[in-house]
Amino acid sequence: MRLGTHTLTDGRGLLFGGDYNPEQWPEEVWTEDVELMKAAGVNLVTVGVFSWARIEPEPGARDFGWLDRVLDLLGAAEIAVDLATPTASPPPWLGHRWPETLPVDESGHRLWYGSRNQFCPSSPVYRERALAIVTDLADRYAGHPTLALWHVGNEYGQICHCDESAAAFRTWLQARHGDLDTLNEAWGTTFWSQRYSDWAEIIPPRRAPYMINPTQQLDWQRFCSDALLAHYQAERDILRERTPGTPVTTNFMGLFKPVDYWSWAGEEDIVSNDCYPDPADPLSPARTALTHDLMRGLGQGRPWLLMEQATNGVNWRPHNLPKPPGQFRLESLQAVARGADGLCYFQWRASRFGAERFHAAMVPHAGPDTRLHAEVRAHGQELRELAPVAGEPVPARVAMVFDWASWWALEERGRPSDRLNAPDQLLSYYLPFWERGVSVDLVPPSAELSGYPLVVVPNLYLISDQDAAALTAYVHGGGVLMVGPFSGIVDPRAHVRTGRFPAPLREVLGASGEEWLPAPEDRPVRCQWTGGGEPAAHAWTGGAEFTAHTWTELIAAEGAETVAEFTEGDLAGYPAVLRHRAGQGVAWYVATMPEPVALGALAGRLLADAGVRGELPDLPPGVEAVRRGDVLFLLNHGTATVRLPIPHAADDLLTGSPATGHVTLTPRAVAALRPRVQPPFGDPLA
Ligand code: GAL
Ligand code: ZN
């Protein structure tokens, strides 16, 4: 990445604003919008995301006059503009005149216009028309004083199975595999008589009588992510050439499966994300923390932008719970605490028409004189007090490995159990660290790990030889590693690594297995801690027994100590959790899916072994603690008022009041504590 958020935050502090769609409103409303924005402390708005048809009402026409006026109005109010290329949603004329630009699903049905996002990433006509409007947009607004950021497209994720995509897939496969023999080998086409004798026979995975070739499927997912990336890059290159000093982003969607964000993030100047926690999901706070940490990881630790969130209920779930007073503020401050330099919303003013007219906004239908807008204003004002954290890093000493290709491969059909999925595994391992106020960096398997005392691999079903060797070297060099079940099973072609599993990690784990045994769904798997020969085992396990669920493995120790074992059924007496000293470090393997309290005990033990501490000891349930720069954020996601002892005298940036001895947090309250003197809060080594 070339540019950071500082080009935006210098002189502005944290960014606050949202998607602004003035094309839905008469111009007199724009004047009121800008006045309200100023009063609310808005300093960045995203304009033009869905404006293609407005700018180009018919092929080749251009109408920029309205956009000139919008940008000038915002500029006069010193509101920076995140200008979107409007290419996420082509006008109806594109699909009408060039139906080949419309995407085709896996059954061969074309998806029509009348909604949004109806384009084929591999369509040359779409590409040509999109790049033409991007070029004119960039030429028009290059040098405009209020242009601060480019927002390319919107939430890339389109997939198309058409013939043009098939042709592009073949070209991609030729680059990856070279010749047809290599492809046949990689795809294992001797199975089910799938051998290809001509490149022309190769198609995307389309609706077929039974399970599709898994490597074809995996390569297709890689291709789809790359095809969209190529389109993004083409737009970005035009913008960079014409406005070299203006950073470029595109809004991600958290743990979004179709797009490998590790391969995308380096192509942006700033990482940005859209995040819509479900108010009905009790795990939302931890899930959201995890996606925020992922965004920080994608930017290699740099600040990122929360591009879209909601002030209240969304309208796209079947039953949309509202957010109680204080909730959106809590969520927004959670993002600040976890490294966001921008807190933006979808959208500024609630639409009167269109599919999203019942989606929350910063200005609701009822107008500015409302509880909700008052909260928006207050939040905009208080964010100014947090300007000192803009640009600051979130120090973390634990790394958690996550990989898209492994996710894709893991979740193909036809495995021992569909119940093992990558994001759930990730969340279950993340949760105990979050509960202990331990910050975690999300990293790709290829990351440099040596700086982290503790590395957790919740699942890496697919692993390359190189990445397995790096994990092994990490442990030998003194690291503490924990690996979750069904890891190290296939190579990058999704071929099973034969021999006892996990073959490439067998040596470092000091253990190996021979059978996967999914557990009956109605019966917990009983286990007991054995302590691995340590007399004080129960000091950290918190009890003698625990349960696990869904998944077990038949494992034998080969140098590792058995820390926990299964206690009933055919696996009774076999290891469930193992620990192995290898070189200077320690590797742990978990051969099942332990209940949260047991994963918590493991996390606590590993943190102690690695010498990593949480920001505050003994956090009550629902309280999140995270440090950004030297400011300790405490966020109460729970339903009870809590009183937390704090070790150092501090000032709360949000209230301006001193905090000594303890902090009281009512439900949804937040404290942002800046210590008066060194040492700061938390882990002094971080
Ligand atoms: C996002 C999208 C916005 C809006 C929003 C509603 O996915 O980028 O345009 O649709 O969701 O929650
Ligand atoms: Zn297509």
Side-chain angles (χ1 to χ4, degrees), residues 18-21 23-24 45-52 82 84-90 94-95 98-112 115-127 130 151-172 203-206 220 223-224 227-228 230-231 249-254 256 258-259 272-279 291 305-317 320-323 328 331 344-351 354-362:
D19 279 47
Y20 182 39
N21 297 307
E23 62 273 29
Q24 298 176 13
V45 290
T46 301
V47 177
V49 179
F50 296 107
S51 64
W52 190 339
D82 168 28
T85 67
T87 51
S89 213
L94 188 75
W98 291 279
E100 71 271 27
T101 63
L102 296 168
V104 170
D105 71 12
E106 57 182 358
S107 301
H109 295 128
R110 257 186 213 288
L111 306 182
W112 290 93
S115 175
R116 68 174 181 188
N117 305 95
Q118 72 289 351
F119 67 84
C120 165
S122 301
S123 158
V125 174
Y126 166 73
R127 173 78 58 100
H151 180 294
V152 178
N154 193 56
E155 297 190 332
Y156 278 99
Q158 294 70 22
I159 287 169
C160 177
H161 295 73
C162 76
D163 290 342
E164 283 181 338
S165 294
F169 184 37
R170 281 177 216 122
T171 306
W172 184 95
I203 53 170
R206 289 183 178 154
W220 171 249
F223 160 77
C224 288
L228 281 168
H231 184 83
T249 190
T250 182
N251 45 345
F252 288 163
M253 288 174 278
F256 178 67
V259 175
S272 63
N273 194 42
D274 298 349
C275 188
Y276 293 96
D278 183 352
T291 40
L305 304 179
L306 181 50
M307 190 61 88
E308 292 182 24
Q309 52 180 332
T311 57
N312 206 342
V314 299
N315 74 323
W316 41 262
R317 295 191 177 101
N320 298 288
L321 293 194
K323 295 187 182 176
F328 82 75
E331 292 170 357
C344 297
Y345 292 80
F346 180 85
Q347 61 178 327
W348 167 251
R349 188 184 279 276
S351 304
E356 292 182 325
R357 65 205 187 288
F358 296 113
H359 190 288
M362 299 169 85

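Just so you know, ligand 1 is whichever comes first in the structure, and atom 1 is the first atom listed for that ligand. What you are looking at is a predicted structure, and each value in this text was computed from that prediction instead of being measured.
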Salt bridge (Lys or Arg N to Asp or Glu O under 4.0 Å) partners of residues 153-172, not counting sequence neighbours, each pair once =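 Residue pairs passing salt bridge (Lys or Arg N to Asp or Glu O under 4.0 Å), neighbours aside: Asp163-Arg206.
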Strictly distance-based, threshold 3.5 Å: is any side-chain N or O of [X] a donor or acceptor partner for the main-chain N or O of [Y]?
| X | Y | value |
| --- | --- | --- |
| Tyr126 | Gln118 | no |
| Ser272 | Thr250 | yes |
| Ser165 | Cys160 | yes |
| Ser123 | Cys120 | no |
| Asn320 | His359 | no |

ask   = Any N/O/S of Cys160 under 2.8 Å from the Zn ion (ligand 2)?
value =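 Given the 2.8 Å cut-off, Cys160 counts as a ligand of the Zn ion (ligand 2).
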ask   = So which protein residues pack against ligand 1 under 4.0 Å, heavy atoms counted?
value =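 Under the 4.0 Å cut-off, ligand 1 touches Phe50, Arg116, Asn154, Glu155, Asp274, Tyr276, Glu308, Trp316, Phe346, Glu356, His359.
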